[in-house]
Amino acid sequence: MVLPTSPQPVAGTALDGLHDAVCDWYAASSRPLPWRRPTTTAWHVLVSEVMLQQTPVDRVAPVYEEWIARWPTPRALAEVAPGEAVRAWGRLGYPRRALRLHASATAICERHDGEVPRDLEALRALPGVGEYTAAAVAVFAYGQRHAVLDTNVRRVLGRVLGGDALPAATMSVAERERARSALPADTATAARWSIGLMELGALVCTARAPACSVCPIRDGCRWHAAGRPAYDGPARRGQTYAGTDRQCRGRLLAVLRDAEGAVPGSALRQVWDDATQRERALDSLLDDGLVVNVGDDEYALPGT
DNA sequence: GAGCCGTGGGG
DNA sequence: TCCCCAAGGCT
């Protein structure tokens, strides 16, 4: 008999009940999303996770299908110009993600022989892959045991374990530790728990109108037991958009995306009146590498 | 660590 | 209508 070298969860605790309830609920109620097919590869998972950063599932699905059909491997994507990735990104938003995915494909070919790395730190080193996405790939593609803390999981755990309506703006060490402690000891169970929590947050324990009446872990939820108290933290910053540089960048890039090749500056001037802001936005797009100058007052997506 | 980076749908 | 937000990451 080997003594545990670190604290192990005690069998038969309330946590075990939560684990079972969430895993059972997921088995019965999860959505058949395109990236959950048996044929899904680690590369497909990475593509889906980056697309899903701040973009709803319904809008991601069709673009994801196009991407994996066209670029089924990192090498396939790395072989085309980055501008092709930006164009195929369509209107998912935050188009720098397309550029980063292309850069990740290149890095995976150069550093990992074309295979998406399994190691958390190697994943984290890829452009556009942060703490969440690295854990998501490690868990969803490779079945490892890590806490996967996206906005859904943070909200669910915050309610169930913390009794809070909504998670704090920034993640604390204590929050990470709480999530880690709540992981099932068994690796395969932990992976199902992680994806189950995420799905629960997306379908039941939502931000606006949580459906506690159908929640599989309502009875173990601190927030529900406390009468679902309202969020009492600091006011959250609404993201302004109309008239901002972001909107201007979006307009300019849409012109490039919808054109065959290079576009004259006049076409860009047409979609935004404020010259100062327009030039500032164009400069930032050039800085980001989303747009390149291909001649006198001519612009294009990179490499196209 | 606050602010920035797109887009569209629902309450 | 307006506001909020939806599987974050980077500086």
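By convention in this document, chain letters (A, B, ...) are assigned in the order of the sequence lines, proteins followed by strands, and residues within each chain are numbered from 1. The basis for the numbers below is simple: all heavy atoms, side chains too, and nothing from hydrogens, waters or symmetry mates.
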Would you indicate what Arg36(A) reaches in the nucleic acid, counting non-hydrogen atoms under 4.0 angstrom: base, sugar-phosphate, or nothing?
base
Does a nitrogen or oxygen in the side chain of Thr133(A) sit under 4.0 Å from OP1 or OP2 of dG9(C)?
yes
Would you indicate what Leu92(A) reaches in the nucleic acid, counting non-hydrogen atoms under 4.0 angstrom: base, sugar-phosphate, or nothing?
base
Using a 4.0 Å heavy-atom cut-off across all strands, classify Trp35(A) as base, sugar-phosphate, or nothing.
base
Go through dG6(B), dT7(B), dA7(C) for me and flag the one nearest to the Arg97(A) side chain.
dG6(B)
Side chain of Thr170(A) only, heavy atoms from C-beta on: which candidate in dG6(B), dA6(C), dA2(B) is closest?
dA2(B)
Looking only at side-chain N and O atoms, does Gln53(A) come under 4.0 Å of OP1 or OP2 in dG8(C)?
no
With sequence neighbours left out, write down each residue that passes salt bridge (Lys or Arg N to Asp or Glu O under 4.0 Å) with Arg208(A), or none if nothing qualifies.
none
Above 12 or not: heavy atoms from other molecules or residues under 6.0 Å from CG of Asp273(A)?
no
Contact class for Gly130(A) vs. all strands (heavy atom < 4.0 Å): base, sugar-phosphate, or nothing?
sugar-phosphate
Heavy atoms under 4.0 Å, any strand shown: does Leu33(A) hit a base, just sugar-phosphate, or nothing?
base
When we call it a touch if two heavy atoms are under 4.0 Å apart, what does Arg208(A) touch: a base, just sugar-phosphate, or nothing?
base
What nucleotide among dT7(B), dA7(C), dG8(C) has an atom nearest to a side-chain atom of Tyr94(A)?
dG8(C)
Quick one: does Arg59(A) reach the base of dT7(B) with a side-chain donor-acceptor pair under 3.5 Å?
yes
Of Ala169(A) and Leu253(A), whose nearest nucleotide on DNA chain B comes first from the 5' end?
Ala169(A)
Partners meeting salt bridge (Lys or Arg N to Asp or Glu O under 4.0 Å) with Arg154(A) (sequence neighbours left out):
Glu175(A)
Just to confirm, is there a sub-4.0 Å distance from OP1 or OP2 of dG9(C) to any side-chain nitrogen or oxygen of Arg100(A)?
no
Using a 4.0 Å heavy-atom cut-off across all strands, classify Ala207(A) as base, sugar-phosphate, or nothing.
sugar-phosphate
Under 3.5 Å donor-acceptor pair, Thr55(A) side-chain atoms to dG8(B) base atoms:
no
